[in-house]
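All remarks here apply to the structure that follows.
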Amino acid sequence: MTSLAEKQAGFMRAILDEDAPLPKGWGNSQAAGMSVYRGNYRSSLMDALENTFERTTRYVGEGPFKRAAAHHVITNPPASWTIEDAGAGMDASCAEVFGDNPEVAELARLEWEMLQVSTAPDCEPLSPAAFGEATAEFGDEDWMALRLETQPRAAAWVTPYNLMGMWNALADDGGEMPDLALDTSLGCIVWREGERPTFTLVDRQEADGFAAMQSGASYGELLGMMIGENADEAAVQGAAQCAGGMLGGWLNEGMIIGLRA
């Protein structure tokens, strides 16, 4: 088994790196065939990347995207059993290749996150009614300790670009490309509605709050983030109303699947 594993590892090294030594015992005929293996391997990965990042390909053009995909495949050889994971880190590769157009990396990240939620495990959203029943007897301490369980692989981050406008313009029947830069950065939240991956742009405070609670922050810690230091009573009440509104929105959209107190 060790010998087989060593041969497999040597073969993969030669596939991924043209300068790597060929597996022990290989002759000229095997060496000539390696270029065919290497070409087929990279071609399959690049095809998978184009399928995953359809809108990114449309935005930059097929030729530039192929160059970015080749760079990604060479510098980030996949280690997963499924070819779908080949796109992991493509946003970082786009940031390197399209340094003068940072919106490309943001678009690639959005496409990748949409793929992630589309293949996430199925789950049952927690309805607002069920949430109300579960928290009906909560006191102040219970609310402060409340933690949420969000949809698997849902994602939230802050972006300075009009991702919604770009997404719509780059659809099959898309229209004119809008202004790319937002006047004020917004939050982007990606989740799944039933079987359909979707996203929305929200206030950046909401995206930060969702990401914090997704990472295990309590409702009390969310309020602390929003209130800040040395806040007066009006600020505390305003933060509580805002946090309650965000929580209600997440429940209505089916982003929450459970709670922990």
Side-chain angles (χ1 to χ4, degrees), residues 52-53 55 84-85 87-88 91 105-138 140 142-168 171 182 184-227 238-261:
T52 299
F53 300 97
R55 281 174 167 82
E84 287 184 346
D85 290 343
D91 57 329
E106 284 287 292
L107 180 59
R109 178 177 183 178
L110 176 58
E111 290 205 89
W112 178 248
E113 299 295 357
M114 294 279 276
L115 175 65
Q116 293 307 290
V117 296
S118 72
T119 58
D122 292 335
C123 58
E124 186 68 27
L126 180 68
S127 70
F131 179 85
E133 292 178 6
T135 59
E137 304 298 326
F138 271 22
D140 289 345
D142 298 314
W143 279 106
M144 292 301 99
L146 175 67
R147 286 177 167 80
L148 303 177
E149 185 178 357
T150 62
Q151 274 193 12
R153 302 182 191 172
W157 70 95
V158 174
T159 179
Y161 297 106
N162 184 4
L163 292 179
M164 185 68 73
M166 294 180 70
W167 187 267
N168 293 333
L182 296 168
T184 302
S185 293
L186 293 175
C188 181
I189 301 181
V190 177
W191 78 103
R192 196 169 79 184
E193 291 182 339
E195 298 297 322
R196 183 177 69 92
T198 189
F199 75 99
T200 187
L201 296 182
V202 297
D203 184 273
R204 62 179 301 161
Q205 187 177 52
E206 181 172 349
D208 288 339
F210 185 86
M213 297 207 73
Q214 184 182 39
S215 298
S218 67
Y219 192 66
E221 290 169 333
L222 172 64
L223 289 175
M225 288 173 51
M226 300 176 66
I227 294 170
Q241 290 179 348
C242 184
M246 292 191 308
L247 177 55
W250 301 339
L251 288 165
N252 286 325
E253 295 291 353
M255 299 178 187
I256 309 302
I257 63 174
L259 58 86
R260 293 174 285 125

[atom2] on [Y] to [atom1] on [X], rounded to 0.5 Å:
X: C188; Y: M164; atom1: SG; atom2: CE; answer: 7.5 Å
X: R55; Y: L163; atom1: CZ; atom2: CG; answer: 11.5 Å
X: L110; Y: M114; atom1: CG; atom2: CE; answer: 6.0 Å
X: E111; Y: F53; atom1: CD; atom2: CZ; answer: 7.0 Å
X: T159; Y: E106; atom1: OG1; atom2: CD; answer: 3.5 Å
X: L115; Y: D85; atom1: CG; atom2: CG; answer: 8.5 Å

Close side-chain approach of [X] to [Y], heavy-atom, < 4.5 Å:
X: T198; Y: V190; value: no
X: P128; Y: N252; value: yes
X: M144; Y: L223; value: yes
X: P160; Y: L182; value: no
X: M226; Y: M246; value: yes
X: T150; Y: I256; value: yes
X: Q151; Y: C123; value: yes
X: L148; Y: L247; value: yes

request  = Under the salt bridge (Lys or Arg N to Asp or Glu O under 4.0 Å) rule, collect the residues that match up with E193, sequence neighbours excluded.
outcome  =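 Here the qualifying residues are R196.
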
With E253 via salt bridge (Lys or Arg N to Asp or Glu O under 4.0 Å) - residues at least two apart =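 E253 satisfies salt bridge (Lys or Arg N to Asp or Glu O under 4.0 Å) with no residue once adjacent residues are dropped.
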
Look at the side chain of [X] and the backbone N and O of [Y], then say whether any donor-acceptor pair between them is shorter than 3.5 Å.
X: Y219; Y: G244; answer: yes
X: E221; Y: S218; answer: yes
X: T135; Y: F138; answer: no

Can you name the nearest heavy-atom pair linking [X] to [Y], along with the distance?
X: G187; Y: A207; result: CA-CB, 3.5 Å
X: L259; Y: A134; result: CD2-CB, 4.0 Å
X: M225; Y: A212; result: SD-CB, 3.6 Å
X: S185; Y: V158; result: CB-CG1, 3.8 Å
X: V117; Y: P197; result: CG2-CB, 3.5 Å

task = Check ring-ring contact (aromatic ring centres under 6.0 Å, His included) between F199 and all other residues, then give those that pass, not counting sequence neighbours.
result =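 Listed in chain order: W167.
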
query = Can you list the residues that meet the side-chain hydrogen bond (donor to acceptor under 3.5 Å, both in side chains) rule with T119, with sequence neighbours excluded?
reply =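 So T119 forms a side-chain hydrogen bond (donor to acceptor under 3.5 Å, both in side chains) with R153.
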
request  = Report the C-alpha distance between L186 and L201 in whole Å, list the side-chain angles of each, state the deciding distance to 0.1 Å, and finish with yes or no for side-chain contact (heavy atoms from CB on, under 4.5 Å).
outcome  = CA-CA 6 Å; L186 293 175; L201 296 182; 4.1 Å; yes

query = Which pairs, with at least one residue in residues 199-216 and sequence neighbours excluded, count as a side chain to side chain donor-acceptor pair (under 3.5 Å)?
reply =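 Found E206-W250.
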
task = Return each pair, listed once, that meets salt bridge (Lys or Arg N to Asp or Glu O under 4.0 Å) where at least one residue sits in residues 116-133; pairs must be two or more places apart or across chains.
result =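 Of all non-adjacent pairs touching residues 116-133, those that pass salt bridge (Lys or Arg N to Asp or Glu O under 4.0 Å) are D122-R192.
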
